[in-house]
Number of protein chains: 2
Amino acid sequence: MEYQEAKQKFISTWGSLGTIWGINKAMAQIQALLFISTEPLTTEQIMEELQISRGNTSMNVRQLIDWGIVTKELKVGERKEYYNTEKDVQELARIIAKERSRREIQPVIKTLQDISSMNNDGSAATAELIKQTQALLELAETADTVLTKVVNHKQNWVSNALLKMIK
Amino acid sequence: MEYQEAKQKFISTWGSLGTIWGINKAMAQIQALLFISTEPLTTEQIMEELQISRGNTSMNVRQLIDWGIVTKELKVGERKEYYNTEKDVQELARIIAKERSRREIQPVIKTLQDISSMNNDGSAATAELIKQTQALLELAETADTVLTKVVNHKQNWVSNALLKMIK
DNA sequence: CTTAATTTTCAAAAATTATTGAAAGTTTAG
DNA sequence: CTAAACTTTCAATAATTTTTGAAAATTAAG
């Protein structure tokens with residue numbers, strides 16, 4: 001496989017992977033492009049490479065900046081902005097995990113807590129609802145811990161050793 | 001909060017959570033409904049409770065069955081099918097993790113492996129692409145292990161030890 | 001200040017995804 | 001077998017999400 005094909009494949013793979021971490025295709029593709037670029041890119045370059053509009057580029061770059069994944073860089077003597085992404089995959093995973101937790105899991109946990117403290121009218125249906133809500137709440141809390149903490153501790157040798165054991 | 005409100009909240013929370021585990025809203029809501037129901041439900045009951053069409057119900061129940069999350073039950077002397085879902089949240093998590101790995105992560109890992117074995121033409125751009133692809137591949141493999149193995153082994157002391165360490 | 005370069009916004013259009021409902025298909029009872 | 005009870009299919013429609021592109025806003029240079 002030659003460079004151009006590999007590059008396209010990388011970008012489109014990452015793009016479809018975007019759904020896994022809950023961001024849209026263009027956003028994921030922009031990030032992918034920056035991730036394998038040897039230097040920061042301008043809006044024009046991103047538009048050209050991905051064949052997307054200016055507005056689309058602007059909005060998605062903005063969101064990536066909001067996520068903390070992309071940063072602006074300025075070159076002396078130039079007006080336009082250059083965009084760069086976090087290149088360390090561990091750090092990237094950490095940011096994504098933290099953001100997903102904050103944006104999606106935390107609100108769910110909050111709602112499940114509200115539900116589990118509902119008025120218990122003594123009916124079987126209510127008992128089941130409370131029971132299942134609490135079970136799910138516990139799972140959500142564990143999942144959240146795994147997501148936000150495990151990713152944070154990649155360099156820990158104990159975690160690594162334990163992971164290798166079960167791999 | 002009274003039963004009806006709590007139930008609605010549970011179903012809609014789970015419905016929006018559906019995007020996290022990559023299934024559509026109706027599918028997630030049907031599963032949620034079954035999950036808190038004290039007994040298996042028929043197509044009619046699901047349609048009525050969720051206010052969705054027969055076709056929609058049929059298609060999404062089918063998908064849930066394909067995922068291995070919902071099972072058919074037959075009552076003696078009755079023609080219609082009753083649907084039941086896995087009630088154990090741990091088991092549910094296990095099934096979902098396994099399916100997502102199979103459907104989404106495995107194909108990505110395969111593609112990343114293909115890319116990382118691309119022809120190295122010695123350019124800086126190619127070097128960067130290979131380097132980043134390999135880093136991502138390693139992360140994807142670790143994430144997949146955590147997802148499929150750790151979730152599988154809740155009673156496993158290694159997983160428990162890992163969790164306690166970081167919690 | 002004025003002007004040109006650049007980015008942002010947002011209504012409209014396009015693309016994608018989900019839902020409906022009626023017809024076709026299947027299954028079981030009699 | 002036939003008929004009734006039920007489930008599945010799928011083309012049409014609706015809802016949602018994404019993308020566009022041109023106008024407005026912003027920024028910096030002269």
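Heavy atoms only: backbone and side chains are in, while hydrogens, waters and symmetry mates are out. Computed from a predicted structure; not experimentally measured. Residue numbers begin at 1 in each chain, while the letters A, B, ... track the order of the sequences.
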**Q** Just checking, is any N or O donor in the side chain of Gln31(B) or Thr85(B) under 3.5 Å from an acceptor N or O on the other one?
**A**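 Note: Gln31(B) and Thr85(B) side chains meet the donor-acceptor criterion.
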
**Q** Quick one, Lys80(B) and Thr43(B) - any side-chain contact, counting heavy atoms below 4.5 Å?
**A**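 Heavy-atom side-chain distance check fails, nothing below 4.5 Å.
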
**Q** Between Met59(B) (CE) and dT17(C) (C1'), how many Å, whole number?
**A**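 Value for this atom pair: 11 Å.
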
**Q** Is the number of heavy atoms from other residues, nucleotides or ligands within 6.0 Å of NZ (Lys25(A)) greater than 12?
**A**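 Open: at most 12 neighbouring heavy atoms sit under 6.0 Å from NZ of Lys25(A).
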
**Q** Only one of Arg100(B), Arg102(B), Gln106(B) passes side-chain hydrogen bond (donor to acceptor under 3.5 Å, both in side chains) with Glu104(B); say which it is.
**A**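 So the option named by the test is Arg100(B).
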
**Q** Within the 4.5 Å heavy-atom criterion, are Trp67(B) and Arg103(B) side-chain neighbours or not?
**A**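 Touching, per the 4.5 Å side-chain cut-off.
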
**Q** With a strict under 4.0 Å distance from non-hydrogen atoms of chain A, what nucleotide opens and what nucleotide closes the contacted stretch of DNA chain D, reading 5' to 3'?
**A**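 For DNA chain D, the relevant span reads dT18(D) to dA28(D).
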
**Q** Please determine, by modelled atom types, if Asp144(B) and Ser101(B) share a side-chain donor-acceptor pair under 3.5 angstrom.
**A**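 A pair is found: one side chain offers a donor N or O, the other an acceptor, under 3.5 Å apart.
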
**Q** Give Asn56(A) one of three labels, base, sugar-phosphate or nothing, depending on what nucleic acid heavy atoms sit under 4.0 Å from its own.
**A**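 Since a base atom lies under 4.0 Å of Asn56(A), the category is base.
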
**Q** Roughly how many Å is it from CD in Gln51(A) to C1' in dA14(C), rounded to a whole number?
**A**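 For the pair Gln51(A) CD and dA14(C) C1', the rounded distance is 17 Å.
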
**Q** Does Lys7(B) pair with Glu49(B) as a salt bridge, N-O distance under 4.0 Å?
**A**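 Salt bridge present between Lys7(B) and Glu49(B).
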
**Q** Mind running a 4.0 Å heavy-atom check of residues 26-46 of chain A against DNA chain C and sending the residues that fall below it, in number order?
**A**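 Going residue by residue through residues 26-46 of chain A, the ones with a heavy atom under 4.0 Å of DNA chain C turn out to be Thr43(A).
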
**Q** Charged N to carboxylate O below 4.0 Å: is that the case for Asp66(B) and Arg62(B)?
**A**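 No, Asp66(B) and Arg62(B) are not salt-bridged.
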
**Q** Indicate yes or no: at least one non-hydrogen side-chain atom of Lys9(A) is less than 4.5 angstrom from one of Met1(A).
**A**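 Counting from C-beta outward, Lys9(A) and Met1(A) do come under 4.5 Å.
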
**Q** Write down the distance between CG (Leu50(B)) and P (dA18(C)), rounded to a whole number of angstrom.
**A**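 Whole-Å distance recorded here is 16 Å.
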
**Q** What is the separation between atom CE on Met47(B) and atom C1' on dT20(C), rounded to the nearest whole Å?
**A**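 Nearest whole value for this atom pair: 10 Å.
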
**Q** Nearest whole angstrom, please: distance from the C1' of dT19(C) to the CD of Gln63(B).
**A**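 The distance from CD of Gln63(B) to C1' of dT19(C) comes to 13 Å, rounded to the nearest Å.
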
**Q** Both Glu78(B) and Asn24(A) contact DNA chain D. Which one's nearest nucleotide lies toward the 5' end?
**A**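 Closest to the 5' end, via its nearest nucleotide, is Glu78(B).
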
**Q** Is it the case that the side chain of Ser37(B) and the backbone of Leu33(B) share a donor-acceptor pair, with hydrogens and angles ignored and the cut-off at 3.5 Å?
**A**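 Answer holds: no.
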
**Q** Could you write nucleotides 23-30 of chain C as a row of B, S and -, 5' to 3', where a protein heavy atom under 4.0 Å of any base atom gives B, of only sugar-phosphate atoms gives S, and otherwise -?
**A** ----BB--

**Q** Please work out which of the three classes, parallel, tilted or perpendicular, describes the rings of Phe35(B) and Phe10(B), given edges at 30° and 60°.
**A**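 Ring orientation of Phe10(B) relative to Phe35(B): parallel.
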
**Q** Where each residue is assigned the nucleotide of DNA chain C containing its nearest heavy atom, which of Lys25(A) and Arg62(A) is assigned the position nearer the 5′ end?
**A**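 Nearer the 5' end of the strand: Arg62(A).
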
